[in-house]
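Just below is one structure, and these are the notes that go with it.
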Amino acid sequence: MPDALIELFSEEIPARMQARAAEDLKRLVTDGLVEAGLTYAHARGFATPRRLALAIEGLSAQSPTLTEERKGPKTDAPQKAIDGFLRATGLTLEQLTTQEDRKGAFYLARIERPGRPAAVILAEVLEHAIRNFPWPKSMRWGTGTLRWVRPIKRILALYDGAVIPFEVDGIQSGDVTEGHRFMGAGQPFAVKDFADYRTKLERNFVLLDAADRKLRILEGARAVCAAKGLALVDDDGLLDEVSGLAEWPTPILGDMDPQFLALPPEVVQLSMKVHQKYFAVRERGKDGLAPHFVVVANVEATDGGQALAAGNAKVLSARLSD
């Protein structure tokens with residue numbers, strides 16, 4: 001059975017909204033498809049700072065043909081009532097059948113509604129989902145009426161390898177997306193299915209799955225700490241948040257002025273987490289904090305992150321001085 005792929009590419013989506021948005025996209029689209037009579041085997045939503053995506057596997061090719069029976073007026077009813085029933089059903093008098101109940105004979109219409117192609121249904125469902133998306137906060141831009149968390153730049157929509165044609169506020173669907181804002185190829189590229197999409201994104205420095213980004217952050221942060229004989233202070237909440245801040249997260253170890261260790265460790269760690277999104281670091285085998293931190297960058301710097309680490313150290317010093 002064919003598959004479908006949808007991507008809504010926009011400016012940066014706040015990290016706190018991404019996971020819910022991925023689930024909302026999945027719910028809105030799959031509910032709409034099922035209501036229209038389609039079936040599917042599996043669906044999964046994804047979110048990165050600049051895109052929402054949905055992959056649907058095993059989607060039926062078209063909705064089933066349905067037959068509806070509609071009871072009409074009595075056979076001896078006024079002609080005006082019979083004509084109204086014919087207009088409502090789109091049938092002729094010859095196409096009606098008659099049945100009887102305790103009240104007498106009446107007309108019965110059997111209306112056959114043929115199934116519709118999945119691509120046509122998908123276009124309707126996607127437009128409705130985009131226009132009615134439940135963002136906690138949204139905005140308008142330009143002269144359009146569409147509201148979205150940030151301006152939408154592209155809509156990628158494929159069914160069985162072909163573009164699902166539709167348009168929302170002047171944004172035409174297609175088969176094209178983009179990679180990392182800074183490290184990608186610099187040019188949009190076309191994809192043919194979900195496997196191709198995911199592979200090409202990774203080649204262009206985008207990890208689509210939040211779980212993959214978390215793993216890259218955790219392993220990278222532990223590695224840069226271990227190289228200096230340090231240990232990362234684990235923080236699952238911060239890990240969830242920073243995984244939504246970078247499409248290609250790259251942990252970098254920075255140095256902190258040791259004088260700030262005179263502050264209560266809870267104050268230092270909270271300031272790092274809340275204001276700067278840094279991970280705290282401790283000496284290996286010890287409980288106290290070390291004069292270092294881990295910042296998660298969105299690029300692989302050519303100098304190994306030295307300039308980024310130095311700049312973030314200055315910001316942290318200013319924050320802790322306050």
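For the numbers below, each heavy atom of this structure counts, side chains included, while hydrogens, waters and symmetry mates do not.
Rounding to the nearest 0.5 Å gives a distance of 5.0 Å between CD of E68 and CZ of R113. In this structure, the separation between CD1 on I82 and OG1 on T75 is 7.5 Å, given to the nearest 0.5 Å. Atom NZ of residue K26 and atom CG of residue L52 lie 14.0 Å apart, to the nearest 0.5 angstrom.
Applying the ring-ring contact (aromatic ring centres under 6.0 Å, His included) criterion to Y159, with sequence neighbours excluded, gives no partner residue. Residues satisfying the ring-ring contact (aromatic ring centres under 6.0 Å, His included) criterion with F133, sequence neighbours excluded, are W135, W148.
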Discussion item. Could you go through D257 and L320, starting from their C-alpha distance and side-chain angles, then the distance that decides it, and tell me whether this counts as side-chain contact (heavy atoms from CB on, under 4.5 Å)?
Written reply: CA-CA 10 Å; D257 190 332; L320 292 176; over 6 Å; no
Practice prompt. Give the C-alpha distance, both sets of side-chain angles, the deciding distance and a yes or no for ring-ring contact (aromatic ring centres under 6.0 Å, His included) between F293 and F260.
Written response: CA-CA 12 Å; F293 61 89; F260 293 116; over 10 Å; no
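Using modelled atom types and a 3.5 Å distance limit, the side chains of R70 and T89 yield no donor-acceptor pair. Residues T250 and E300 have side chains that never bring a donor and an acceptor to within less than 3.5 angstrom of each other. Checked by atom type, the side-chain pair R147/S138 shows a donor-acceptor distance below 3.5 Å.
Hydrophobic clustering (ILVMFWY, side-chain heavy atoms < 4.5 Å, transitive): L59 and L5 are in distinct clusters. Hydrophobic cluster membership is shared by V296 and L230, with clusters built from Ile, Leu, Val, Met, Phe, Trp and Tyr side chains linked at under 4.5 angstrom.
Around NE2 of H128, the count of heavy atoms belonging to other residues, nucleotides or ligands within 6.0 Å does not exceed 12. Atom CD of Q259 is surrounded by more than 12 heavy atoms from other residues, nucleotides or ligands within 6.0 Å. Residue E69 places its CD atom among more than 12 non-hydrogen atoms of other residues, nucleotides or ligands, all under 6.0 Å distant. Within a 6.0 Å sphere centred on CZ of R20, heavy atoms belonging to other residues, nucleotides or ligands number 12 at most.
Taking the centre of each ring, Y197 and F46 stay at or above the 6.0 Å mark.
Salt bridge status for D209 with R44: present, with a side-chain N to carboxylate O gap under 4.0 Å.
Side-chain heavy-atom separations under 4.5 angstrom define the hydrophobic clusters, and F9 shares its cluster with no other residue.
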